[in-house]
Enquirer: 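After the structure tokens below, expect a handful of questions from me.
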Amino acid sequence: MVRVRFAPSPTGPLHIGGVRTCLYNYLFAKKLGGKLLLRIEDTDQTRFVPGAEEYIVESFKWLGITFDEGVHVGGPFAPYKQSERMAMYKEYADYLIENGWAYYAFDTPEELEVKRKEAESEKRTFQYDINTRNSLCNSLTLTAEEVQERLKGHFVVRFKYPENLEITVHDLIRGEVKISSHLLDDKVLFKSDGLPTYHLANVVDDHTMEITHVIRGEEWLPSAPLHVMLYQAFGWDAPQFAHLPLLLKPDGNGKLSKRDGDRLGFPVFPLQWTDPKTGEISSGYRESGYLPEAVINMLALLGWNPGNDQEMMSIDQLIQLFSLEKVSKSGAKFDLDKARWFNHQYLQMKSNAELAEQFNHQLIEKGIQISLDKVEKVVGLVKERVHFIQELWTQSSFFFLQPDTYNPDVIKKRWKEDTPQHLNTISEILMSSQPFDKAKAHDDVMAYIQENQINMGQIMNCLRLSLVGDSKGPDLFEIIDFLGTEEVGKRIAKAIQEIA
RNA sequence: GCCGCGUUCGUCUAGCUGGCCCAGGACAUCAGGUUUUCAUCCUGAAGAUCAGGGGUUCGAAUCCCCUACGCGGUACCA
């Protein structure tokens with residue numbers, strides 16, 4: 001049974017890269033009939049941000065990614081929050097020490113900082129490792145009595161890499177990654193605050209929760225050898241590893257960050273987030289009008305592809321087609337235009353009724369009360385030109401409100417001296433068409449234009465300008481039909497008055 | 001600095017077991033067409049000497065080596 005996990009730390013809003021990591025875990029699990037669990041890695045209490053955990057849960061709820069086990073749904077391996085599993089980590093750290101896989105270290109952060117500075121000034125780098133641990137303050141160099149004494153104060157537990165060992169990580173995406181134990185530093189496994197670091201907690205939890213595949217970001221690749229060694233030290237079978245390529249910023253290189261989103265004007269987070277400390281607001285995909293299925297589809301293709309030319313894929317299709325072998329090795333730059341395009345595609349697939357219902361909320365907020373089937377009618381008329389739900393309003397406001405400005409460029413280009421006269425006549429023609437009939441109105445107006453040999457482009461654009469305020473929008477007679485002849489008459493009169 | 005990972009059109013990528021690739025698709029771009037307008041849509045074009053250099057081979061984007069560049073890591077953070 002395949003069991004995978006997504007294990008974020010609650011240090012703020014969930015980054016879109018994290019969302020993708022979780023998506024791949026989800027697709028992988030679903031494809032293989034396995035389980036996905038959500039574990040909260042909150043071993044660093046100094047970085048805890050209130051609300052972050054709830055944010056994470058809500059984000060996946062919005063996206064439709066469900067978990068089989070986790071903090072919010074429970075499960076047979078509860079608790080799924082590391083701060084609630086504290087007691088067990090100490091035992092595992094002790095086990096490592098007893099078996100010679102780890103040691104106590106008493107050097108203070110300040111002392112180590114001094115060492116680093118020293119080394120730096122000599123163009124060297126200081127590392128707590130095989131080469132230096134025997135000259136530092138730890139249970140390897142101190143007598144048993146001294147160690148006992150020091151254990152009453154602050155201490156950390158460090159991993160003790162064996163000498164002359166080549167460590168191999170088998171990565172499902174990258175193949176074998178090898179490194180010598182002499183190059184690795186003796187990572188802290190257990191901090192002086194009594195909590196484990198990620199490295200220990202992650203390995204212990206993954207094992208006890210029976211995780212079979214660890215699918216995570218590439219930034220973890222350098223510490224994967226440690227994790228492999230930890231499994232070995234405990235005598236456990238290691239899960240399979242797969243390190244995903246990074247999500248890069250759209251311009252230049254480097255990891256996509258919150259700053260890039262602010263700078264380039266696109267969301268880096270699934271949901272809008274308000275920083276509880278500074279009150280700073282970061283935009284989210286949901287609030288920006290993205291459809292969850294579009295975000296999923298777009299994200300899935302950033303670092304993976306089905307091996308053919310298919311791009312539009314529902315979540316079920318993604319599950320069917322997904323495989324880690326097709327995940328690419330290099331980082332993917334975020335493409336805002338492609339994201340827009342996906343949203344447009346998915347928006348077109350929504351029914352008019354569904355969009356109308358959402359759009360109606362916006363209308364009500366703007367103080368516009370109108371029957372739902374009328375809203376639906378408008379939605380049907382403008383949907384195809386809209387990329388985001390919010391644009392429904394900018395593309396259709398003239399259906400509900402009289403224009404209060406008229407595009408000066410259009411006036412300049414199309415509005416002639418005899419325009420008011422023609423518009424008035426057209427207004428009358430439309431009025432006389434009772435009951436109103438779209439097709440007949442169209443024919444009548446065309447006939448008028450023909451008879452009087454008026455430039456059609458000119459008069460039609462002026463008519464449009466009067467009703468819409470600009471040279472945009474769907475079929476004019478659809479607009480007229482929706483507005484009703486009385487309203488059309490009013491708007492023509494108003495336009496003539498204001499433009500003249 | 002050291003270690004690791006990576007490098008095909010502007011972007012996401014196809015290409016994985018060498019010949020069907022003078023490299024295919026999509027987004028973006030440009031040009032036409034549709035439309036009374038704008039947008040959508042349709043058609044087409046342009047766009048990568050496969051990072052560079054060496055090999056191996058009858059033949060390499062595909063295999064090997066070197067270099068360059070980029071990124072990641074190098075915390076008592078995850």
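As the structure is a prediction and not an experimental result, all values here were calculated from the model. Letters go in sequence order (proteins before strands), and every chain restarts at 1.
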Enquirer: Under 4.0 Å from OP1 or OP2 of B/C77: is there any side-chain N or O of A/Ser9 that close?
Expert: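 Answer no for this pair, as no side-chain N or O of A/Ser9 is under 4.0 Å from OP1 or OP2.
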Enquirer: What is the distance, to the nearest angstrom, from the CG atom on A/Leu195 to the P atom on B/A75?
Expert: 20 Å
Enquirer: Name the nucleic acid region contacted by A/Gly254, choosing base, sugar-phosphate or nothing; use a 4.0 angstrom heavy-atom cut-off, strictly under.
Expert: sugar-phosphate
Enquirer: For a quick check of understanding: with a heavy-atom distance under 4.0 Å over all strands, which category does A/Arg158 fall into, base, sugar-phosphate or nothing?
Expert: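 The residue A/Arg158 makes sugar-phosphate contact but no base contact.
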Enquirer: Closer than 4.0 angstrom, basic N to acidic O: yes or no for A/Lys115 and A/Asp107?
Expert: no
Enquirer: Which part of the nucleic acid, if any, lies within contact of A/Asp42, taking any heavy atom under 4.0 Å across all strands shown: a base, the sugar-phosphate backbone alone, or nothing?
Expert: nothing
Enquirer: Is any side-chain N of the basic residue among A/Asp251 and A/Arg263 closer than 4.0 Å to the acidic one's carboxylate O?
Expert: yes
Enquirer: Would you please confirm or rule out a distance under 4.0 Å between OP1 or OP2 of B/G70 and any side-chain N or O of A/Lys255?
Expert: no
Enquirer: Taking only side-chain N and O atoms of A/Asn305, does any of them lie within less than 4.0 angstrom of OP1 or OP2 on B/A14?
Expert: yes
Enquirer: Kindly say if A/Lys333 contacts the phosphate of B/U7, meaning a side-chain N or O under 4.0 Å from OP1 or OP2.
Expert: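 For B/U7, neither OP1 nor OP2 has a side-chain N or O of A/Lys333 closer than 4.0 Å.
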Enquirer: As a test of reading the structure: which of B/G1, B/A78, B/G6 is closest to the side chain of A/Tyr198, going by heavy atoms?
Expert: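 The nucleotide sitting nearest to the side chain is B/A78.
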Enquirer: Which residue, A/Gln458 or A/Asp335, contacts RNA chain B at a nucleotide closer to its 5' end, judged by nearest heavy atom?
Expert: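 Closer to the 5' end of RNA chain B: A/Asp335.
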Enquirer: Taking any heavy-atom pair under 4.0 Å as a contact, classify A/Leu476: base, sugar-phosphate, or nothing.
Expert: base
Enquirer: Report yes if at least one side-chain N or O of A/Arg464 is closer than 4.0 Å to OP1 or OP2 of B/C38; otherwise report no.
Expert: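 So the side chain of A/Arg464 is outside the cut-off, no N or O lying under 4.0 Å from OP1 or OP2 of B/C38.
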Enquirer: Expressed in angstrom and rounded to an integer, what is the separation of A/Glu311 atom CD from B/A26 atom C1'?
Expert: 4 Å
Enquirer: Can you find a side chain N or O atom of A/Arg116 that sits less than 4.0 Å from OP1 or OP2 on B/G1?
Expert: no
Enquirer: Look at the rings of A/His243 and A/Phe241 and say which category their plane angle falls in: under 30° parallel, 30 to 60° tilted, over 60° perpendicular.
Expert: parallel
Enquirer: For B/C76, take OP1 and OP2 only and decide whether either is under 4.0 Å from a side-chain N or O of A/Thr197.
Expert: no
Enquirer: Between B/G54 and B/C50, how far apart are the P atoms? Round to whole Å, please.
Expert: 13 Å
Enquirer: Within this structure, what is the CG-to-P distance between A/Asp193 and B/C76, rounded to whole angstrom?
Expert: 12 Å
Enquirer: 5'-most contact on RNA chain B: A/Pro222 or A/Phe477, nearest heavy atom basis?
Expert: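 Counting from the 5' end, the first nearest nucleotide belongs to A/Phe477.
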